[in-house]
Every structure is written in structure tokens, then in C-alpha cells.
Asker: 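Following this message is one structure expressed as C-alpha cells.
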Protein chains: 4
Amino acid sequence: MPPSATADETPLRRKLMDAALELFDERTWDGTNVPEIAARAGVAVGTIYRYFPNKQALGEAVFTEAKAAFADAVVTDAVRAADPVTAIGLVWHHQVAFALAYPQAFSFLEHQVHGSYLRPQAYEVVHRLDAELVEILRAAQAAGAVRAGDPQVLLSMAFGAFVGVTKHSRASGVPLGEYDLEGVREAVMSLIGLTGPGSPDAA
Amino acid sequence: MPPSATADETPLRRKLMDAALELFDERTWDGTNVPEIAARAGVAVGTIYRYFPNKQALGEAVFTEAKAAFADAVVTDAVRAADPVTAIGLVWHHQVAFALAYPQAFSFLEHQVHGSYLRPQAYEVVHRLDAELVEILRAAQAAGAVRAGDPQVLLSMAFGAFVGVTKHSRASGVPLGEYDLEGVREAVMSLIGLTGPGSPDAA
Amino acid sequence: MPPSATADETPLRRKLMDAALELFDERTWDGTNVPEIAARAGVAVGTIYRYFPNKQALGEAVFTEAKAAFADAVVTDAVRAADPVTAIGLVWHHQVAFALAYPQAFSFLEHQVHGSYLRPQAYEVVHRLDAELVEILRAAQAAGAVRAGDPQVLLSMAFGAFVGVTKHSRASGVPLGEYDLEGVREAVMSLIGLTGPGSPDAA
Amino acid sequence: MPPSATADETPLRRKLMDAALELFDERTWDGTNVPEIAARAGVAVGTIYRYFPNKQALGEAVFTEAKAAFADAVVTDAVRAADPVTAIGLVWHHQVAFALAYPQAFSFLEHQVHGSYLRPQAYEVVHRLDAELVEILRAAQAAGAVRAGDPQVLLSMAFGAFVGVTKHSRASGVPLGEYDLEGVREAVMSLIGLTGPGSPDAA
DNA sequence: TATGAATGAGAGTTCATTCAT
DNA sequence: AATGAATGAACTCTCATTCAT
């Protein structure tokens, strides 16, 4: 999986998290059973319990790691240092790059409901990322570069639009990379009403 | 639930479908157990099996009914009769009305992954609705009223943007009705690049 | 079913006993469920409980009636009045006639184990019939007309031989009537070592 | 149980098969529930499902093993090599020895109806044994050593006579060994009309 | 009197978790 | 440290029985 792994990394723990992520993405947490995870990771069932106290903890670890990796990938120091408009372009770029590099992590995180196994504290990463992105949008609004309105809603729409495309990619079986992602970017920039320099790759 | 219910309606069957929808929305199909459904419906466990051969069939019935109700609500005869641009406005309006009237059905349908209990044929409604909406977008593109690009992707983005808002509503606990839905509509119309008469309520 | 029905006969009770006998013969008592019996009898489930307090009582009634009918058919007054050798011939004849007339009752009674639903008192008919037949054999032995040895064992063998034929008939699907029953009789008479006038139909 | 056990033997699997045979004999397959089997075998319920996919498969395994053990015990190479008359004597001897050594297996196999849980293929052993024994009787008839008539019927009678004795033994609670089995043998030999050297133990 | 929808205890089965090896 | 057979609570489903109609 992506970097930002927790400290106590181990080859087996890594294999377990990867196998679990794959299966949770395919079948959801509730729909996956522990022996399957062990089988996919190529270890015995008992081994799982040397690394995680129970299935719920494994679920939380997988979710938290994936979400943290996404957050770290999307909001980099460069994003924090940039002006709002540039930041938005960077964020978009990073988000797409993450979804391309880790499609399973992305769809596990964004196409499912996670209430059954996450304790409230697991949402901290989510909220922190949310807050940072909302702040960027707010700043962009203040600069008159982005449409008015609740920036949280703006964010939900923009991100939702992209998630919509990844859902379609997953349902159709066509890899995200084969879509016209530049077209998607332009449409979403229209959605948020962004004017000015859009693509970070632009000259 | 919404109209378009299957022929063999019965008060108890109705109560079971409603209770099941609520729980599937809260906890997913895999995360809900049969006694809970019975309890919520106020009947004994065995009663469920007088109306559905098994839990999977109940899941399919709930999903299919909700999706069909959504499809019927969104693509009405008026939509089919209208010109593309008007049709888009109507569709948007209907979709929002459905999400406001049946928030649980909407989030059950759109915030989850349903692979574990639906047989392929259950997706027929999904595909039919999809095809109709794509056709409307295609016609609008032909008329030069909507941004170019794969209409399927355009649809995924536009619908995804709205789903993003409903997700946020659900996560925050703020009812969808308290959001600035007119603002959302305008943003999404910009997303698809729609020009011309937008809101069906507009003078 | 055969005569000797219990006093409180009723058309519905009769249909229920007949349907139950058929099903118990096909699937055993444990393997038959109450709704099936109702369906076969053409009545509603609840009706069964107006005639029998529970499934076990129905089982006992069916078993007891069938066994009593068999006993009454086999040991008639004529048998009781006859000399041992003639009695044996008559008993054989009656037994075969019963198995031909009521194959389901016969195989239900003789091809199965009934321990799970009969209270000890239900075996009284069995023991009474047994005792009468054993007495006939003992008298025949005393007259030197039948092989020596425990008459109970002799009876078990002779009856078992016939049951063996009915089992084969049932397994092969060939009705008992198509077998060479006269040959069977002669063989069994040899088994018990009976000399003298054998067949009651003989000139 | 008897030898001829299937390859994948295991102490627990053995205990389960033994416990199941006992209970199926006492209460029939339909009348026995899974927790009882587990309790009798001294294991937890779940353990059963590590060795058998379901209750039906356990029933089939028990039936098939017992029947195969019986067939192997009865028709040995010595039987196949012997002349028909000697073979009949040996078969009789083996059958009695099996019933003495494994009374539960014998009565489970022969006092019950097994239709509810056996797939047709489970009857293959039954038919193979039957065919071999019928062939022996046919050869004996050809040699003029045994009564004329359908050899299948002759077999059913002879075996049925012995089964009749085991049924009585079971019902009365008197172990089979306390019966005059030599007398039983002689009677059955008369039944099939066997002349010539009877008992294999005879000088 | 007869019905059959409703019941819930108990059946068969699954699976997260433990622990002797 | 890793294993996987064993466990038993909890699941899905069945069916004997009840009772309002």
C-alpha cells in the first residue's frame, strides 16, 4: 500500500493489510471473513491474530492507513504553501494520481459505508483532510476565484463528481486511466466556478 | 416506500420491506441480521420467511423496488416528451425530490456497494435508467446545449456531485432540505455546461 | 384404510389418517412435516389439530390403526377355531392378502423403526398379535407339525422372510402381486418345517 | 467401525462416524440432531463441519461405510473362489459374524428406510452386493443344490429371515449371540432348499 | 367447523477467535 | 513466530403449533 504506513510495519502485517484491503474493497468488511483474508495473504488464520486483536481492529487499520495515505498524498507541503487556485489544481492532480495508483484503496474508501466497524476516532483523519480542503476552497472564494456558497458543499460536489467517475470505471470494468481525465478536470473546475490557471501541468 | 410497489403487496410485506430498507441503509445488507429486521418490523422471525424465501431475496426485493421507484420518479412521461434541455431540468428536479422524500432509499441505493446479494438481473433497472439518462444528455450535446465528452461520464459526474452532497448531509446529520439546493443545481449545470433555460421552476 | 377404525370416525379424520399413512410410508414420521400432510389430505394445517392434539398423536393413531387392522385381518375367528396347521395356512394367506390390499400400511409398519413417536402402550397391539401367533406355532410344534426351536424365533424368521420380499418389491417397484407368491409360501413352509396340508386354497 | 474405512481417516472423524451411527441406529437420520451427534462424539458442533459439509453428507458417509464394510465382510475372496454351495455357507457365516460384531451397523442398515438423505449413487454398494449374492444363488440353482425360483426373491427371503431375527433381538433386548443361531441357519437352509454340505464349520 | 397467517423454539450451519503444537 | 484444528456463540432458516377470523 501507499506510504505513511504505521510504525510497526512487518512483511506479514503488510501482506495482511493488502489482502484485507483487496477483499474489503471487493466484498465490504461485513462480507469478508477472516479465513479468506488469511488465504489471500498466504498465511494461517491464527497469524492474523498476532498482528491484530480482532477483525474490527484489522478493518480500522486498513481504513485508517488508506485514508491517511490519501490525505498525505493529496495535501502535501507544496499544497499548503501554494496560493488557493494553484492549491486546488495540485489537490485535483494528486487525487487523480492516487485513484490511478491505488484504485482499490480509493474505491474501498469512497464507494462504501464504514459505520459498522469504525470507532469515532477513526474519522479523525477524514475530518482533518476535510477541514484542510474546505479551508483552501474558502480562501479561493475569498479571492473571488471560486463560486460562492458553502465551501463544504462545494467540496462534496467536486469530490463526488470524481467519485462518480471512479464508480463508473469500477462498474464498467474500464480502468480509470482510459477515461478523458482532462475533460473531467475541466468539468469539475466549471462546477466550482474556478477561473484562472487550472491544470498544474499547464504551461 | 415509494409507489411502483410490486403487485403482491401486503401490509406485513410492506412493513418488512420498510424495516429492511432502514436497516440495510444503516448497516448494509451484510451487516444486518434477520432477527433485527423482524424486530424493527414488529413481527416474528418466521414471518419474514412467509414473504421472502431467504434474506438474499429480501435484499433483492428492497433494492429492486427502491431503484425502480427512483427510476419511475426521475424519468416520467413528461421527461420523455420534453426537449433535452427541459428534460435535464426535470430530471434534476425529480431526483432531488426523491432524495428529499426518501432519504433512506436514496442513500441505501447510492452510498453502498451491492454486489454480495444481487443477482445480475437485479441490475437491469439500473442499466435501463442509465441508458435513458445518457440518451437525454447525448441529445442535449447534439443540440449544442451541453459540454462535449462521453455522456456516460458526464452523467456519472453530475449524479456523483449530487450524491456527494447527500453523503455529506447524511454524515453531518443535517437534512438535505436545509442545504442550498438551488446553488447545487446551478453548480451541476455548470459542470455539464448547460446553457439556456435551467430551472423548470424558472419563469 | 382397513376396517377396525376407531370409534370417532369422520370423513376428514379418515382423509388425514390416509394422507399421513402415505407420507409416513414414503418419508418416515420424522421426515414428514405437518403442512405436507394437510396438503395431501386437501385440508388446512389448522384442521389437523382439531382431530389430533399433535403430530405425535397422529403418528400413534396411524400406527395403531394400521397394526390393529393387520392383527384383525390376520388372526380371525376362523384362525382361532382352526387346528394349528390349518391356522398357519390361514394366517399366511391373510398376511399376504393384507400386504396386497394395503401395501403402504404394510411397509410403513414393517420396514421402519417407530421408536421416536410411539409411547410404550402403542406396542400393546404388536405384542398381542405376536403372542397369538407364537401360540399357534407352539401348538403346531406340540403336534409335531413344525420344526423345533424357539417359536418366537421361528415366527420372526417366517415373517421376516415375507417382509424381505415386500422390501424387494418396494425397492424394485414391482408390485407384490407380480411375484410368485405361491413359491414364497412353499419356501417359508419349508423354513418352519411345516408338513401336512399347506395351502388353504388346496383341494 | 469395521475396516474398509475411507482413506481420509482421522481420530475425530472416526469418533464422529461412530457416534452418528449409534444415534442414527437409535433414532434414524431424520430423528437425530447435529448437537446430539457432537455431544456423543465429545466434540463441539462446529467440529462436525470440519469433517462433513453437512448433515446429509455425514449420513451418506455413515451409510456407505457401513454397507461397504458389510459387503466386504460377506463376500470375501474365499467366497468368490468357492463352489456355490460352499459359498452360501460362507456368506451365511460372515453375515452372522458381522451382525454379532457390529449390531448397530447391521440394524441401522437393515431395519430402516434411508431414502431421505441418500443420493442414488449411495445405493451402488447395495446393488453390487446384491448382484454378487444373486449370482451365487443362481449358480447353486444351476447345480441343482437350491430350490428353483427367482434367485433375487430367494435372497430377499433368506436375508429377510435373518433380519427378522435381528429385529426380534433388538426389540427384546436379548443379544443376538444368545439365540440358537445354528437352528436359524438350518431353517434358512431349508428355506432355500439347500442340500449337501451346509455349515462351513462342519467336518 | 375449518382456515392459514403468524409465531418462536429449535434445527442446521457459519465463522471470529483460541490455543496446543 | 506461525500454524490450523477445534470451539461455540450467533447466524439463517424450518416447522409444529396457535388463534383470530
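This is a predicted model, so every value here is computed, not measured. First the proteins, then the strands, lettered A, B, ... as listed; each starts at 1. All values below come from the heavy atoms of this structure, side chains included, with hydrogens, waters and symmetry mates left out.
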Asker: Please, which pairs that meet side-chain hydrogen bond (donor to acceptor under 3.5 Å, both in side chains) have at least one residue in residues 47-60 of chain A, sequence neighbours excluded?
Answerer: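 Checked against side-chain hydrogen bond (donor to acceptor under 3.5 Å, both in side chains) - neighbours excluded - the pairs reaching residues 47-60 of chain A are Glu60(A)-Arg119(A).
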
Asker: Which heavy atom of Ala20(A) sits nearest to which heavy atom of Val62(A), and what is that distance?
Answerer: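 Here Ala20(A) and Val62(A) meet closest at CB-CG2, 3.8 Å.
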
Asker: Between Asp25(C) and Arg170(C), is there a salt bridge with N-O shorter than 4.0 Å?
Answerer: yes

Asker: Nearest heavy-atom pair of Phe108(D) and Phe63(D): which atoms, and what distance?
Answerer: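 The answer is CE2-CA, 3.8 Å.
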
Asker: Over its full length, what angle do the end axes of the helix from dA2(E)-dT21(F) to dT21(E)-dA2(F) make, each axis taken from five pairs and the result rounded to 10 degrees?
Answerer: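 About 10°, once rounded to a multiple of 10°.
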
Asker: Applying salt bridge (charged side-chain N to carboxylate O under 4.0 Å, His left out), name anything that partners Glu36(D), two or more places apart in sequence or on another chain.
Answerer: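 With sequence neighbours excluded, Glu36(D) shows a salt bridge (charged side-chain N to carboxylate O under 4.0 Å, His left out) to Arg27(D), given in chain and number order.
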
Asker: What closest approach, in Å, do Ser116(B) and Asp30(B) show between heavy atoms, and which atom pair accounts for it?
Answerer: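 The answer is OG-OD2, 2.9 Å.
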
Asker: If every non-hydrogen atom of Gly59(C) is compared with every non-hydrogen atom of Leu118(C), which pair is closest and at what distance?
Answerer: O-CD2, 4.5 Å

Asker: Which residue pairs pass the salt bridge (Lys or Arg N to Asp or Glu O under 4.0 Å) test when at least one of the two sits in residues 102-112 of chain A, sequence neighbours left out?
Answerer: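 Residue pairs with at least one partner in residues 102-112 of chain A: Lys67(A)-Glu110(A).
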
Asker: Taking side chain to side chain donor-acceptor pair (under 3.5 Å) as the definition, give me every residue that meets it alongside Thr64(A), ordered by chain and number, with sequence neighbours left out.
Answerer: none

Asker: Return whichever of Pro53(D) or Pro53(A) has its heavy-atom-nearest nucleotide of DNA chain E closer to the 5' end.
Answerer: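 Its nearest nucleotide being more 5', the pick is Pro53(D).
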
Asker: Does the pair His114(A) and Trp29(A) meet the rule for a side-chain contact (heavy atoms from CB on, under 4.5 Å), with working shown?
Answerer: CA-CA 8 Å; His114(A) 301 276; Trp29(A) 182 83; over 6 Å; no

Asker: Going by side chain to side chain donor-acceptor pair (under 3.5 Å), name the residues that satisfy it together with Tyr123(B), two or more places apart in sequence or in a different chain.
Answerer: none

Asker: Write down the atom of Ala41(D), the atom of Leu16(D), and the distance for their closest heavy-atom approach.
Answerer: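 Looks like CB-CD2, 3.8 Å.
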
Asker: Hey, could you give me each pair passing salt bridge (Lys or Arg N to Asp or Glu O under 4.0 Å) that has a residue in residues 38-47 of chain C? Not counting sequence neighbours.
Answerer: Glu22(C)-Arg40(C), Glu26(C)-Arg40(C)

Asker: Under 4.0 Å between a side-chain N/O of Tyr49(D) and OP1 or OP2 of dT13(E), yes or no?
Answerer: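 Indeed, a polar side-chain atom of Tyr49(D) lies that close.
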
Asker: Ignoring hydrogens and angles, tell me if any N or O in the side chain of Thr28(C) forms a donor-acceptor pair with the backbone of Phe24(C) under 3.5 Å.
Answerer: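 No, because the side chain of Thr28(C) does not come within donor-acceptor range (under 3.5 Å) of the backbone of Phe24(C).
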
Asker: On DNA chain F, which is the earliest and which the latest nucleotide, 5' to 3', with an atom closer than 4.0 Å to a heavy atom of chain A?
Answerer: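 First-to-last contact on DNA chain F, by the 4.0 Å heavy-atom rule, is dA1(F) to dG4(F).
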
Asker: Output a table of nitrogen or oxygen pairs between the protein and nucleotides 2-4 of chain E separated by less than 3.5 Å.
Answerer:
from	atom 1	to	atom 2	distance (Å)
dA2(E)	OP2	Tyr51(C)	OH	2.7
dT3(E)	OP2	Ala44(C)	N	3.1
dT3(E)	OP2	Thr47(C)	OG1	2.4
dG4(E)	N7	Gly46(C)	N	3.1

Asker: In residues 29-37 of chain C, what residues come within less than 4.0 Å of DNA chain F, judged by heavy atoms?
Answerer: Thr32(C), Asn33(C), Val34(C), Pro35(C)

Asker: Using a cut-off of strictly less than 4.0 Å between a heavy atom of the residue and any atom of DNA chain F, enumerate the qualifying residues of residues 54-62 of chain C by number.
Answerer: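 Here the set is Asn54(C), Lys55(C).
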
Asker: Do you know the tightest heavy-atom contact between Leu58(C) and Ile48(C)?
Answerer: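 Taking every non-hydrogen atom into account, CD2-CG2, 4.5 Å.
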
